[in-house]
2 protein chains.
Amino acid sequence: MTQLDPRRKPRQSRSRATVDAILQATAQVLVRDGYQKATTNRIAERAGVSVGTLYQYFPNKDALVVALCEQHSDEMMTLLSASIAELQDATAERATRVIVRAMLQAHAVNPELHEAIISNLPKEKQFEQILAVNAQAEAMVRVFLEHHRERLATDNIDMAAFIVVNTVEALTHAAVIERPDFLGTEELVDEITRLICRYLLK
Amino acid sequence: MTQLDPRRKPRQSRSRATVDAILQATAQVLVRDGYQKATTNRIAERAGVSVGTLYQYFPNKDALVVALCEQHSDEMMTLLSASIAELQDATAERATRVIVRAMLQAHAVNPELHEAIISNLPKEKQFEQILAVNAQAEAMVRVFLEHHRERLATDNIDMAAFIVVNTVEALTHAAVIERPDFLGTEELVDEITRLICRYLLK
DNA sequence: CCCAAATGTGAGGAATCCTTCAGGTTTCAG
DNA sequence: CTGAAACCTGAAGGATTCCTCACATTTGGG
């Protein structure tokens with residue numbers, strides 16, 4: 001991996017606005033044109049600055065994408081942990097519902113950008129931050145399963161965690177991208193919660 | 001979209017072998033190096049031919065990838081339809097099990113290539129053939145649900161189809177890539193079948 | 001064996017793209 | 001106001017990639 005740290009840190013408010021504009025432009029170009037056509041010149045142009053300026057704050061194109069991924073996954077993680085925090089000692093059904101709803105919210109933060117990152121970025125460029133979200137989710141579910149172990153219909157916690165995490169992730173992701181019409185009501189949350197609970201519990 | 005048809009059709013067995021070698025090399029390079037680094041020169045080199053030869057049979061890089069996608073999705077579709085054909089009038093449970101098993105088999109044909117195509121190719125280059133597989137799956141599930149309508153726990157067939165298709169697809173795909181250790185026994189098929197049936201049926 | 005058609009070769013042109021750098025403009029502390 | 005630091009500019013160097021084309025080799029029917 002090449003150098004990723006910024007070459008210069010913005011000190012004046014003018015440059016902080018510039019960095020923001022560059023990151024915002026990166027997201028827009030990534031969504032609109034895909035990673036292939038997201039050239040640094042095009043990003044700079046959309047941000048309303050010259051390429052040189054871009055390279056003052058990001059040593060290379062990867063660093064730019066990394067920064068964007070970090071910003072995006074931070075937003076998702078913030079939403080997730082907020083919901084998780086408030087389900088101390090909830091029933092399994094209640095906890096499942098809260099997590100499903102939180103996943104939908106997290107995916108709805110910026111669906112197009114999330115889609116662009118997940119299924120447009122080459123795998124080797126999907127940096128830690130993004131992958132960490134899924135790892136964290138898997139860990140959380142594992143704790144959850146251990147906690148309700150005696151109510152579970154299966155004793156293969158490893159496989160159950162795999163199934164739950166991948167199912168919820170896939171459904172929330174697909175819904176936000178392909179079926180936004182499902183998001184208006186609580187029905188989708190109901191259905192996914194039922195899917196998971198019927199599978200997990202005796 | 002640019003021209004995709006071959007510029008010249010192979011007539012002698014020598015050239016048919018060449019075309020095979022090129023396609024095989026494309027798959028290998030795509031898996032090993034990713035789409036970004038899969039240059040036509042590198043593919044030709046790996047196939048043991050010169051770039052010129054490659055361009056005799058494929059007018060451009062896209063045509064090469066399209067041909068590979070077609071070949072791959074044909075293999076998957078063949079497996080799927082074979083299994084579907086033999087479940088005339090099966091019970092819902094039996095049908096679900098057969099479909100889940102078929103999906104796992106289809107994904108196991110060439111997991112690395114499938115992964116490379118799905119999550120490495122830019123979305124705009126994931127050509128018809130691949131997307132058609134999912135569309136076909138969705139249609140099949142819809143027929144299946146209509147047929148067992150009176151036994152279903154829900155009357156929102158649209159949403160149920162969405163959930164079933166995306167769930168099975170995500171789980172089979174993830175299992176083949178991330179957890180090949182789940183594939184030895186019938187346990188994963190059991191679990192996914194249970195997940196789907198408990199959700200769908202009263 | 002012979003030759004026209006089929007097949008194969010690979011250096012290099014044209015087009016991009018990432019990145020640099022020499023020199024300009026703006027800001028702000030003193 | 002002034003000068004140094006911060007910030008910005010954009011032409012162009014160096015690298016990479018797709019694809020072509022003039023030419024060489026191989027094949028198979030007559």
Side-chain angles (χ1 to χ4, degrees), chain A residues 1-26 29-30 32-68 120-122 124-125, chain B residues 1-26 29-30 32-68 120-122 124-125:
Chain A
M1 184 73 66
T2 47
Q3 175 70 22
L4 291 179
D5 290 334
R7 174 163 308 182
R8 169 199 292 258
K9 285 191 175 177
R11 301 184 187 286
Q12 305 175 356
S13 71
R14 175 169 54 138
S15 58
R16 253 172 277 130
T18 300
V19 170
D20 276 356
I22 292 173
L23 280 175
Q24 212 172 313
T26 306
V29 173
L30 217 55
R32 198 175 312 240
D33 303 334
Y35 183 75
Q36 302 260 322
K37 306 203 165 179
T39 71
T40 50
N41 280 291
R42 193 179 289 216
I43 290 170
E45 185 188 25
R46 176 148 201 100
V49 300
S50 85
V51 231
T53 299
L54 187 156
Y55 278 93
Q56 295 236 319
Y57 301 102
F58 303 95
N60 52 54
K61 199 183 164 186
D62 273 4
L64 194 53
V65 179
V66 168
L68 188 65
N120 232 298
L121 278 197
E124 86 252 30
K125 314 246 166 184
Chain B
M1 183 74 64
T2 47
Q3 176 70 21
L4 291 179
D5 290 333
R7 173 164 310 181
R8 171 198 291 258
K9 284 190 175 178
R11 301 186 187 284
Q12 304 177 357
S13 70
R14 174 169 58 137
S15 57
R16 253 172 277 131
T18 301
V19 170
D20 277 357
I22 292 174
L23 280 175
Q24 212 173 313
T26 305
V29 173
L30 217 56
R32 198 174 312 242
D33 304 333
Y35 182 74
Q36 302 261 321
K37 305 202 166 180
T39 72
T40 50
N41 279 295
R42 193 179 290 216
I43 290 170
E45 186 188 24
R46 175 149 201 98
V49 300
S50 84
V51 231
T53 298
L54 187 154
Y55 279 95
Q56 294 237 319
Y57 301 103
F58 303 95
N60 52 54
K61 198 183 164 185
D62 273 3
L64 193 53
V65 179
V66 168
L68 189 65
N120 232 295
L121 278 197
E124 87 252 31
K125 314 247 166 185

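None of the values given here were measured: they were computed from a predicted structure. First the proteins, then the strands, lettered A, B, ... as listed; each starts at 1.
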Applying salt bridge (Lys or Arg N to Asp or Glu O under 4.0 Å), which residue pairs with at least one partner in residues 33-57 of chain A are found, sequence neighbours left out?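 Non-adjacent pairs meeting salt bridge (Lys or Arg N to Asp or Glu O under 4.0 Å): A:Asp33-A:Arg42.
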Just wondering, are more than 12 heavy atoms of other shown residues or ligands nearer than 6.0 Å to CZ in B:Arg11?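 At most 12 heavy atoms, drawn from other residues, nucleotides or ligands, come within 6.0 Å of this atom.
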Are side-chain heavy atoms of B:Ile22 and B:Val49 found at a separation under 4.5 Å?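 SC-SC contact between B:Ile22 and B:Val49 confirmed.
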Can you confirm whether A:Leu23 sits close enough to A:Phe58 that some side-chain heavy atom of one is under 4.5 Å from a side-chain heavy atom of the other?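 The answer is yes; the side chains approach within 4.5 Å.
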For A:Tyr55 and C:dT20, is the shortest distance between a side-chain N/O and OP1 or OP2 below 4.0 Å?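 So the side chain of A:Tyr55 is outside the cut-off, no N or O lying under 4.0 Å from OP1 or OP2 of C:dT20.
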Mind listing the closest non-hydrogen atom pair of A:Ile43 and A:Ala25 along with its distance?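 Closest approach of A:Ile43 to A:Ala25: O-CB, 3.6 Å.
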Over all atoms of both residues, closest heavy-atom pair of B:Gln36 and A:Pro122: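 Taking B:Gln36 first and A:Pro122 second, the nearest heavy atoms are NE2-CG, 3.5 Å.
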Review item, nucleotides 8-14 of chain D N/O atoms under 3.5 Å of protein N/O:
{"unit_1": "D:dC8", "atom_1": "OP1", "unit_2": "A:Thr18", "atom_2": "OG1", "d": "2.5"}
{"unit_1": "D:dC8", "atom_1": "OP2", "unit_2": "A:Tyr57", "atom_2": "OH", "d": "3.0"}
{"unit_1": "D:dC8", "atom_1": "N4", "unit_2": "A:Gln56", "atom_2": "NE2", "d": "3.3"}
{"unit_1": "D:dT9", "atom_1": "OP2", "unit_2": "A:Ser50", "atom_2": "N", "d": "2.8"}
{"unit_1": "D:dT9", "atom_1": "OP2", "unit_2": "A:Thr53", "atom_2": "OG1", "d": "3.1"}
{"unit_1": "D:dG10", "atom_1": "N7", "unit_2": "A:Ser50", "atom_2": "OG", "d": "3.2"}
{"unit_1": "D:dG10", "atom_1": "O6", "unit_2": "A:Gly52", "atom_2": "N", "d": "3.4"}

Would you mind classifying the nucleic acid contact of A:Thr40 as base, sugar-phosphate or nothing, using non-hydrogen atoms under 4.0 angstrom?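 Answer is base: heavy atoms of A:Thr40 come under 4.0 Å of a base.
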Rounded to whole angstrom units, what separation is found between the [atom1] atom of [X] and the [atom2] atom of [N]?
{"X": "B:Arg42", "N": "D:dC19", "atom1": "CZ", "atom2": "P", "result": "17 Å"}
{"X": "A:Glu45", "N": "C:dC17", "atom1": "CD", "atom2": "P", "result": "12 Å"}
{"X": "A:Phe58", "N": "C:dT20", "atom1": "CZ", "atom2": "C1'", "result": "18 Å"}
{"X": "B:Ile22", "N": "D:dC19", "atom1": "CD1", "atom2": "P", "result": "14 Å"}
{"X": "A:Arg16", "N": "C:dT27", "atom1": "CZ", "atom2": "C1'", "result": "13 Å"}
{"X": "B:Lys61", "N": "D:dT17", "atom1": "NZ", "atom2": "C1'", "result": "8 Å"}
{"X": "A:Gln12", "N": "C:dC28", "atom1": "CD", "atom2": "P", "result": "5 Å"}
{"X": "B:Ile43", "N": "D:dC19", "atom1": "CD1", "atom2": "P", "result": "11 Å"}

